[in-house]
Structures are given as C-alpha cells and as structure tokens.
Amino acid sequence: MLTNSQVLAIRSRFPVFRNKIYLNSCSQGALSDAVEDGLREYVASWHEHGSPWDSWVERYEAARAQFAGFIGAAPDEVAVVPYASAGINSVASALTFDQRKKVVLGEFEFPTMGHIWLAQQKRGADVEFVRASGDVIPVEGYERAIDHKTLIVPITGICFMNGFRSAVKEIVRLARANGALTMLDDYQDCGTRPVNVRTADLDFYVTGTLKYLLGPPGLAFLYVRKELIESLRPTITGWFAQTNPFAFDVKHLDLAPSARRFEAGSPPIPNIYAAMRGIELLQGIGLDNVSAHIAGLVRALLAGAKKLGLRTKTPQDSVGPLCVLLCKDAPALVQKLAASGIVCSNRHDGLRLSFHVYNTQGDVESVLEVLERNLDLLVTGATSVSAG
Ligand SMILES: Cc1ncc(COP(=O)(O)O)c(C=O)c1O
C-alpha cells in the first residue's frame, strides 16, 4: 500500500494538479513529466537525425515487448495499432461467419464495439446484445445468449457509462464451454491493476494508452493468443502487417507469422515514445499498489455519496476506477465542479468521477463538498444498485 507521501510524490509529477483536481482519467489520463519527456525525446531524435527510422522501428518493437510484459503475453502475440478500433476491426475482418455466426455482446460495450460487429452483418454476422437490468448486466443474460453457434463474445472490462465491472471470468468460462472466442476490451481498466491474459484465458485483449495507461491518444495494443494467429488472415491489412515490410514487394501478400499481421501502416512513433514512459511509470509504482490505492479512494467516495443520500449507478461494492452518480442535470454539475477546479465528465445522466494513483482522499473530500452544495442537480433518496 502506498503511503501518503509516496502518493504526493507521484502526484507532483503531474502538473495539472497545480491548478486542478483531476478526476477524468476515464476520458484521458493526466500528463506526467515522464510522458512529456518521452515526447521531447522523440522531437529531439527527429531534429538531430532527420529520419532515424531504424531507431524508431527499434522503439516500436520495444513498445510491443514492454506491453507484452505488462499483460503477461509474448511480444509476438501483440499488435501495435493506432487505436483500439483498428485492432478489433482487423480481428473481425479475419473471421468468417459460416458455421458459427453469432456475436454476443453486452449493452454496456463502448459504441465502437457494437459498430464494428454490426458492420460485419454484411459478411454474415448475427449480432445479439445481452440486455442490462438497470445498471447491471446479469451473467445469466450471457448464459442464455452464448451457444454452439456463437463465434465470439466481446466483453468490456468496465462500462464507460456507469463503471459496472463485467463478470469476465464467468463470461469467458461460458464462451469456452461453448467453443466461442473471447475478446476483452479493457480500455476503462488497463493501468489500474495487474493483468494476465493467460490466466484470464482470453483469446483477444485490446486497450489503448490514453486513459489509465497515462499516455497520449493515437496508440493501442491488440493481444492475440499465439495458437490462433496463423489461422487468422485479416483482410484489413497493409505493409506493416507483412513478414518483412522492408522487402517493398507490392505483388505478394505475405502476412507476418506473428500478431503483427493485425497491423497495417506506419506506426505512430511519437505516441510510442510518450506512451512507453507512462507504462514505465506505472510499473515503477507497482500495479498492486495502484489498484489498492484506487480501491481506497472509491470506497471513500461511495461511502460519502451514500451519506449524502445520492443514487449511484456504480455498484456499492465497486473497486473502481470509475464511479458514476445519477444526476438530474449532469452537464450542469460538470460545470459546477469545473468552477471549483474539479475536472470530470458525464455520459448521459451520469456524472463520471474516475480515480487513479495520483488522486488523494483530499480529492474525494473536495468533490463531496461540491456535491453537497448541489444536491438539486443529483438524484437522491433512492437506494443504489448492487452488483447482483
Ligand atoms: C471501453 C472503451 N473501448 C474503446 C474506446 C476507444 O476506442 P478507440 O481507441 O478505437 O477510439 C474507449 C474510449 O473511450 C473505451 O472507453
């Protein structure tokens, strides 16, 4: 567990806290001195050498290896892509919807997940959404939907709208029992706790760097289980997906034997320089420490919200990182909090407060004070939902 002085030392590396209380990591992680240095290093390399593509490609391979280590995978199981949608699309393009046509996914997925699989209807996909019950998706919904016709089950780790944590273990077990593939979209959680894609028994894992990984937009990673790679041939492709991109052979499609076959064009080098520093920072702190710290903040926020009689969308037993409160006027509340120097966001009627290793109990108290002054904008009185 981190001490207060350790947390304050970490916080001091994120200049936004000089003027603001930052609770919007669910949109974009705060910028650290380390990530800023990474960007500077990229600029310096460009200034100094003009076109140092050899060392830039080395850095891109280093990012692949770093992320693989971060999630317990091998480097050749990781594709470096510009955004999560690119990785998901590449996988979708490699699947055929003949014997198995069903894609089973929850209503709490990030919209891109729905859009990508709905676009596959043209290629034969049969998309079935698992219905929510209030702010919870009961696992029984997946149990009813997943069958021997199911090809793949995409699962959001944490819902971006309400902070609900999917029952990943149980859903993966149901998918496995029916011979279906699984894809975890961990964008709303990766960087807040240790991840191991092997012990989680996942086929695909996707995330990007701009939220809890503390990096910039424009970089994401796709893990593909080794045993699946050679059987999948993406039809969304490009020169960086080839065995040797630098063969410059326009007439042959020679997909890389590794997960690089799920990539396409020139890698986002500036983002790689920056993002690696964010991941390094988290590794230096220790992901167990990060998750324990976040859980303490979330417990305090939820307890404070309960005391004020606020209706939460996020279950009371949540360990975070995202807590969402039901509002009468969420955009107005975001403005009120901004006027007090607190940065957060809303989705529909939910006020999103997200916590990371740089936040403190003082931040929780500050936000609760503003909420108490603005009870008219919040829904009060009703009991909160439970994880079920
Ligand atoms: C759960 C989740 N998945 C995916 C994304 C974004 O995907 P992309 O990198 O394709 O923009 C987000 C962004 O907010 C997200 O919250």
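Considering only heavy atoms from C-beta on, Val367 comes within 4.5 Å of Leu353 through its side chain. For the pair His356 and Val290, the minimum side-chain heavy-atom distance is below 4.5 Å. Thr237 has its side chain within reach of Leu255: a pair of non-hydrogen atoms, C-beta onward, lies under 4.5 Å apart. Using a 4.5 Å heavy-atom threshold, the side chains of Ser27 and Arg352 count as touching. A heavy-atom distance below 4.5 Å is not found between the side chains of Asp135 and Met161. Side-chain atoms of Phe204 and Leu232, non-hydrogen and from C-beta on, do get closer than 4.5 Å to each other. Counting heavy atoms from C-beta on, the side chains of Val104 and Phe129 never come closer than 4.5 Å. Looking only at side-chain heavy atoms (C-beta outward), Ile158 and Phe164 stay at 4.5 Å or farther from each other.
Atom CZ of Arg131 has 12 or fewer neighbouring heavy atoms from other residues, nucleotides or ligands inside a 6.0 Å radius. Residue-environment remark: CG (Asn4) stays at or below the threshold of 12 foreign heavy atoms within 6.0 Å. Around atom CD of Gln99, no more than 12 heavy atoms belonging to other residues, nucleotides or ligands sit under 6.0 Å away. In the displayed structure, Trp46 atom CH2 is contacted under 6.0 Å by at most 12 heavy atoms of other residues, nucleotides or ligands. Annotation: Lys169, atom NZ; neighbour count of heavy atoms from other residues, nucleotides and ligands within 6.0 Å does not exceed 12. Taking a 6.0 Å sphere around CG of Asp376, one finds it holds more than 12 heavy atoms contributed by other residues, nucleotides or ligands.
Taking the six-membered ring wherever Trp is involved, the centroid distance between the rings of Tyr42 and Tyr273 falls below 6.0 Å. Between Phe221 and Tyr187, a ring centre-to-centre spacing not shorter than 6.0 Å is recorded. Taking the six-membered ring for Trp and the full ring otherwise, the centers of Phe17 and Tyr358 sit less than 6.0 Å from each other.
Phe97 and Val91 end up in the same hydrophobic cluster when Ile, Leu, Val, Met, Phe, Trp and Tyr side chains are linked at under 4.5 Å. With hydrophobic clusters built from ILVMFWY side chains whose heavy atoms lie under 4.5 angstrom apart, Leu151 shares a cluster with Val206. Under the 4.5 Å side-chain heavy-atom criterion for grouping Ile, Leu, Val, Met, Phe, Trp and Tyr, Leu326 is not connected to Val324 through any hydrophobic cluster. Under the 4.5 Å side-chain contact rule for hydrophobic residues, Phe14 and Leu23 share a cluster. Connection of Leu222 to Phe67 is not established within any shared hydrophobic cluster, with ILVMFWY side chains joined at heavy-atom distances below 4.5 Å, either directly or through further cluster members.
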So Thr192 and Ser291, side-chain hydrogen bond (donor to acceptor under 3.5 Å, both in side chains) or not? Walk me through it.
-> CA-CA 5 Å; Thr192 73; Ser291 69; over 6 Å; no
Tyr223 vs Phe70, ring pair (Phe, Tyr, Trp, His ring centres under 6.0 Å): CA-CA, chis, key distance, verdict = CA-CA 11 Å; Tyr223 158 83; Phe70 194 78; over 10 Å; no
Show the numbers, then the answer: is there a salt bridge (charged side-chain N to carboxylate O under 4.0 Å, His left out) between Arg144 and Glu140?
-> CA-CA 6 Å; Arg144 277 193 294 275; Glu140 292 73 30; over 6 Å; no
Residue pair Asp126, Lys102: steps toward the salt bridge (charged side-chain N to carboxylate O under 4.0 Å, His left out) verdict | CA-CA 5 Å; Asp126 174 6; Lys102 256 172 97 170; over 6 Å; no
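Panel note: side chain Glu61, backbone Val57; no donor-acceptor pair is recorded below 3.5 Å. When atom types are taken as modelled, the side chain of His115 and the backbone of Pro111 share a donor-acceptor pair closer than 3.5 angstrom. Looking at Arg123, its side chain never comes within 3.5 Å of a backbone N or O of Thr96 through a donor-acceptor pair. Between the side chain of Glu230 and the backbone N or O of Ser258, no donor-acceptor pair lies under 3.5 Å. Judged purely by atom type and a 3.5 angstrom limit, Thr243 uses its side chain to pair as donor or acceptor with the backbone of Asp254.
A distance of 10.0 Å separates CD1 of Ile146 from CZ of Arg173, quoted to the nearest 0.5 Å. Going from atom CG of Asn359 over to atom OG of Ser25 covers 6.0 Å, rounded to the nearest 0.5 Å. Between Leu219 atom CG and Tyr60 atom OH the span is 11.0 Å, to the nearest 0.5 Å. Taking CG of Asp349 as the reference point, atom CZ of Arg311 lies at 9.5 Å (rounded to 0.5 Å). The distance from the CG atom of Asp189 to the CD1 atom of Ile294 is 8.0 Å, given to the nearest 0.5 Å.
Using a 4.0 Å cut-off between a side-chain N of Lys or Arg and a carboxylate O of Asp or Glu, Glu41 and Arg277 qualify as a salt bridge.
Of the candidates Leu202, Leu181, Asp203, Arg225 forms a side chain to side chain contact (heavy atoms under 4.5 Å, CB included) with just one, namely Asp203. None of Glu58, Glu77, Glu263 except one satisfies the salt bridge (charged side-chain N to carboxylate O under 4.0 Å, His left out) rule with Arg64; the exception is Glu263.
If you check the side chains of Asn178 and Thr150, you find no donor sitting under 3.5 Å from an acceptor. The closest side-chain donor-acceptor pair between Gln6 and Thr3 falls under 3.5 angstrom. Using modelled atom types, one finds no donor on one side chain facing an acceptor on the other under 3.5 Å when comparing Asp363 with Ser366.
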